[in-house]
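Structure first, then comments.
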Amino acid sequence: MTLPPYPTILVKRLAHAKDLPLPSYATAGAAGMDLLAAVDEPITLLSNERILIPTGLQIALPAGYELQIRPRSGLALKHGIIVPNSPGTIDEDYRGEIKVIILNTGKDAFFIERGMRIAQAVLAPVVRGVWQETDILDDTERSGGGFGSTGH
Ligand SMILES: O=c1ccn([C@H]2C[C@H](O)[C@@H](COP(=O)(O)OP(=O)(O)OP(=O)(O)O)O2)c(=O)[nH]1
Ligand SMILES: [Mg+2]
């Protein structure tokens with residue numbers, strides 16, 4: 001089977017992640033690569049606490065792409081672990097360490113261990129726009145209606 005020409009992401013593993021594998025797709029058709037926690041010691045995340053988890057990775061994305069940081073549904077369902085800024089945006093021009101904000105919305109404390117798959121990253125094309133200013137916009141069926149204007 002020939003693989004499609006996947007876009008290449010340059011990646012640099014920082015010292016605290018040298019022994020960790022790179023994020024990978026769990027199945028052949030997975031949309032997201034699982035991101036690993038590059039924490040030195042286990043962390044206890046109390047209920048309602050949020051924390052910034054290092055991944056130990058710096059990247060350079062291909063032109064015209066972003067990397068979206070999203071929660072893992074299993075952690076959300078079983079433990080209430082969410083990514084509050086989801087989808088987190090890794091800009092094409094960001095060269096710092098990728099970090100993941102996680103929030104424990106569950107009742108119980110959550111334990112984060114080194115190498116744990118804490119979130120997932122989805123590579124996505126970016127469409128940028130330019131403004132064209134005007135005083136007149138066309139009318140539409142929706143017009144100014146929103147926020148539930150079409151009913152339940
Ligand atoms: O979950 C995230 C979200 C962002 N970033 C990094 C990469 C991104 O390119 C940069 C800025 O993110 P964003 O634009 O969402 O944050 P901001 O609050 O607007 O900060 P800035 O003023 O630096 O743009 O921070 C992460 O490492 N993880
Ligand atoms: Mg920003």
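Values below: all heavy atoms of this structure, side chains included; hydrogens, waters and symmetry mates excluded. Indexing begins at 1, ligand by ligand and atom by atom, following the structure's order.
Under a 4.0 angstrom heavy-atom cut-off, I98 registers as being in contact with ligand 1. For the pair I90 and ligand 1, a heavy-atom separation below 4.0 Å is found.
Taking each of D91, D93, I53, V100 in turn, the one with a heavy atom nearest to atom 9 (O) of ligand 1 proves to be D91.
Nearest protein heavy-atom contact of atom 1 (O) of ligand 1 is N85 ND2, 3.1 Å. Annotation: atom 25 (O) of ligand 1 to nearest protein heavy atom, Y94 CE1, 4.0 Å. In terms of protein heavy-atom proximity, atom 15 (O) of ligand 1 is nearest to T89 O, 4.2 Å. Annotation: atom 2 (C) of ligand 1 to nearest protein heavy atom, K99 O, 3.5 Å.
Within the 3.5 Å criterion, the main-chain N or O of L75 finds no donor-acceptor partner in the side chain of R72. One N or O on the side chain of Q120 and one on the backbone of P71 form a donor-acceptor pair closer than 3.5 Å. Remark: the backbone N or O of K99 is not paired with any side-chain donor or acceptor of T55 at under 3.5 angstrom. Between the side chain of R13 and the backbone N or O of L20 there is at least one donor-acceptor pair closer than 3.5 Å. For the pair N104 (side chain) and D108 (backbone), a donor-acceptor distance under 3.5 Å is present.
Of all heavy-atom pairs between L61 and I90, the closest is CD1-O, 3.5 Å. When all heavy atoms of I69 and I98 are compared, the closest pair comes out as CD1-CG2, 4.3 Å.
Shown here, atom 28 (N) of ligand 1 is in close reach of the protein: a heavy atom of it lies under 4.0 Å off. In this structure, atom 22 (O) of ligand 1 has no protein heavy-atom contact shorter than 4.0 Å. Atom 18 (O) of ligand 1 is never approached by the protein to below 4.0 angstrom, counting heavy atoms only.
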